[in-house]
*Asks:* 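Here it is, the structure in full.
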Amino acid sequence: MRKPVIAGNWKMYKHPAEAAGFLHDLAPLVDASSQVDIVVCPPFVDVAAAVDAARGTNIAIGAQDLFWLKEGAYTGEVSAPMLVAAGCGWVIIGHSERRQYFGETDDSVFKKTVAALDAGLTPIVCVGERLEEREAGMTENVLATQFAGGLSGLTPEQFAHVVIAYEPVWAIGTGRTATPEMAGQAHHFLREQIAVRFGDDASQTTRILYGGSVKPDNIKGLMAQEDLDGALVGGASLDPVSFAAIVNF
Ligand code: 13P
């Protein structure tokens, strides 16, 4: 059995005080849901306040990115051991916005994933096609390339701790969700890639989340897909009531 994960990606929203307020509001709304891993990923500057506010709850805190070296002269960067020391247990890697605006590549995704695993963080590694790629019938080629470049170089022991998020870029922030069937197909294809590289067991145990305009009213239909193990939620994770409704799907 794969334990579902509902993770919120706040992107560049909320100040530290707002993060603390959000967690105080969210905690009582989700305290009965022990069957789901609940993760909130605020901006770096909010991590300390979020970790503090989430102490004693069933909510874990994650970051939205990291740099793959432990320390050094890398102005503006944050390392995996720093995130662990700050209280993070999770980290999003390779989000399409980082690929689009900040030069993230499959190679950097791989290095960051290794760094996260070395430090004991659970990486949520994002893959997904752009609209023109889907329209050109290239979805599976894109997913195969991102999987090969970002994940297939891991050892089976490392891969066992990875969570994958399938986020079709055209569904992010657009209100245009993939249908449950479209998501299910992509998740199934990713499981096949995992089976080829890491074996059937890994293929059956790896958690694959869907992301892209997930809302309280579409989470149930998505979760009914056999190969779908949870969600990476953007916009709807900014409000404690709507995020709780997704957690309690
Ligand atoms: P939205 O839920 O706002 O579409 O964002 C999805 C996303 O990018 C989560 O990482």
Side-chain angles (χ1 to χ4, degrees), residues 4-13 37 39-44 60 62-68 80 83 88-117 121-131 133-134 138-154 158-159 161-174 176-178 182-191 193-194 206-214 222 227-237 246:
V5 183
I6 302 291
N9 172 12
W10 283 0
K11 309 190 179 186
M12 199 170 71
Y13 291 101
D37 280 336
V39 188
V40 170
C41 302
F44 286 133
Q64 300 174 13
D65 186 29
L66 54 67
F67 184 53
W68 58 79
L83 293 177
C88 285
W90 299 67
V91 62
I92 298 168
I93 293 175
H95 192 279
S96 62
E97 288 150 15
R98 298 222 55 90
R99 294 177 189 259
Q100 183 177 353
Y101 304 125
F102 304 102
E104 191 86 84
T105 63
D106 292 332
D107 183 53
S108 60
V109 168
F110 175 72
K111 290 182 185 144
K112 290 179 177 190
T113 303
V114 171
L117 292 165
L121 292 164
T122 300
I124 302 175
V125 179
C126 302
V127 296
E129 80 287 1
R130 291 178 284 122
L131 181 59
E133 293 166 335
R134 172 161 286 266
M138 298 288 288
T139 298
E140 294 190 347
N141 307 49
V142 170
L143 296 180
T145 301
Q146 291 176 341
F147 180 84
L151 291 170
S152 68
L154 298 175
Q158 289 173 321
F159 185 74
H161 302 283
V162 169
V163 172
I164 297 176
Y166 168 61
E167 298 207 311
V169 179
W170 48 270
I172 294 177
T174 58
R176 197 176 150 192
T177 329
M182 283 159 110
Q185 271 170 16
H187 285 224
H188 184 75
F189 177 77
L190 286 165
R191 277 197 207 288
Q193 301 293 298
I194 298 169
T206 302
R207 294 183 288 180
I208 307 180
L209 317 184
Y210 168 79
S213 297
V214 174
L222 289 162
D227 286 316
L228 200 148
D229 307 310
L232 184 55
V233 185
S237 75
I246 295 172

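Treat the numbers as computed from the prediction; the structure is a model and nothing was measured.
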*Asks:* What is the distance from atom NE2 of H187 to atom CG of D229, rounded to the nearest 0.5 Å?
*Replies:*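 Answer rounded to 0.5 Å: 8.0 Å.
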*Asks:* Angle between ring planes, F159 versus F147, binned at 30° and 60°: parallel, tilted or perpendicular?
*Replies:* perpendicular
*Asks:* Are any side-chain N or O atoms of R98 and backbone N or O atoms of I93, one a donor and one an acceptor, separated by less than 3.5 Å?
*Replies:*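 Such a contact is absent between R98 side chain and I93 backbone.
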*Asks:* Using the side chain to side chain contact (heavy atoms under 4.5 Å, CB included) rule, take L222 and T177 through it: C-alpha gap first, then chi angles, then the decisive distance, then the call.
*Replies:* CA-CA 10 Å; L222 289 162; T177 329; 4.3 Å; yes
*Asks:* Assess the residue pair L131 and V169 against the criterion (side chain to side chain contact (heavy atoms under 4.5 Å, CB included)); give the C-alpha distance rounded to whole Å, side-chain angles, the decisive distance to 0.1 Å, and a yes or no.
*Replies:* CA-CA 7 Å; L131 181 59; V169 179; over 6 Å; no
*Asks:* Is there side-chain contact between D65 and K112, with heavy atoms separated by less than 4.5 Å?
*Replies:*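 Touching, per the 4.5 Å side-chain cut-off.
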*Asks:* Say whether, by atom type as modelled, one donor and one acceptor occur between the side chain of Q146 and the main chain of G128 under 3.5 angstrom.
*Replies:*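 It does hold such a pair.
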*Asks:* Closer than 3.5 angstrom, by distance alone: can the side chain of T174 be matched with the main-chain N or O of W170 as a donor-acceptor pair?
*Replies:*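 Yes, T174 side chain to W170 backbone: donor-acceptor pair under 3.5 Å.
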*Asks:* When rounded to the nearest 0.5 angstrom, what distance separates CG in L121 from CG in L66?
*Replies:*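 With rounding to 0.5 Å, CG (L121) is 7.0 Å from CG (L66).
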*Asks:* What heavy-atom pair brings G94 and V109 nearest, and what distance separates the two atoms?
*Replies:* CA-CG2, 3.6 Å
*Asks:* Looking at every heavy atom in both Q193 and A144, which two are closest together, and how far apart are they?
*Replies:* OE1-CB, 3.7 Å
*Asks:* What closest approach, in Å, do E97 and F102 show between heavy atoms, and which atom pair accounts for it?
*Replies:* O-CD1, 3.7 Å
*Asks:* Are S237 and N9 packed together at the side-chain level, in the sense that at least one heavy-atom pair is separated by less than 4.5 angstrom?
*Replies:* no
*Asks:* Which heavy-atom pair separates G234 from K11 by the least distance, and what is that distance?
*Replies:* CA-CE, 4.4 Å
*Asks:* Show the numbers, then the answer: is there a side chain to side chain donor-acceptor pair (under 3.5 Å) between Q64 and W10?
*Replies:* CA-CA 8 Å; Q64 300 174 13; W10 283 0; over 6 Å; no
*Asks:* Between T145 and D106, which heavy-atom pair has the shortest distance, and what is it?
*Replies:* O-OD2, 3.6 Å
*Asks:* Can you name the closest pair of heavy atoms from H161 and T122 and give their distance?
*Replies:*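 That closest heavy-atom pairing would be O-CG2, 3.6 Å.
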*Asks:* Among T206, D227, I208, L151, find the one that has a side-chain contact (heavy atoms from CB on, under 4.5 Å) with L190.
*Replies:*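 Exactly one option meets the side-chain contact (heavy atoms from CB on, under 4.5 Å) with L190, and it is I208.
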*Asks:* Return yes when atom CZ of F44 has more than 12 non-hydrogen atoms of other residues, nucleotides or ligands closer than 6.0 Å, and no otherwise.
*Replies:*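 Yes, the 6.0 Å shell around CZ holds more than 12 heavy atoms from other groups.
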*Asks:* Please determine whether side chain to side chain contact (heavy atoms under 4.5 Å, CB included) holds for the pair D37 and W90, giving the CA-CA distance in whole Å, both sets of side-chain angles, and the decisive distance to 0.1 Å.
*Replies:* CA-CA 11 Å; D37 280 336; W90 299 67; 4.1 Å; yes
*Asks:* Verify, without hydrogens or angle tests, whether Y166 (side chain) and P168 (backbone) share a donor-acceptor contact under 3.5 angstrom.
*Replies:* no
*Asks:* If you define the side chain from C-beta out and look only at heavy atoms, does anything of W68 sit under 4.5 Å from V114?
*Replies:* no
*Asks:* State, with a plain yes or no, whether a side-chain heavy atom of E167 is found less than 4.5 Å away from one of L232.
*Replies:* yes
*Asks:* Test Q100 against S96 for side chain to side chain donor-acceptor pair (under 3.5 Å), laying out the working first.
*Replies:* CA-CA 6 Å; Q100 183 177 353; S96 62; 5.7 Å; no
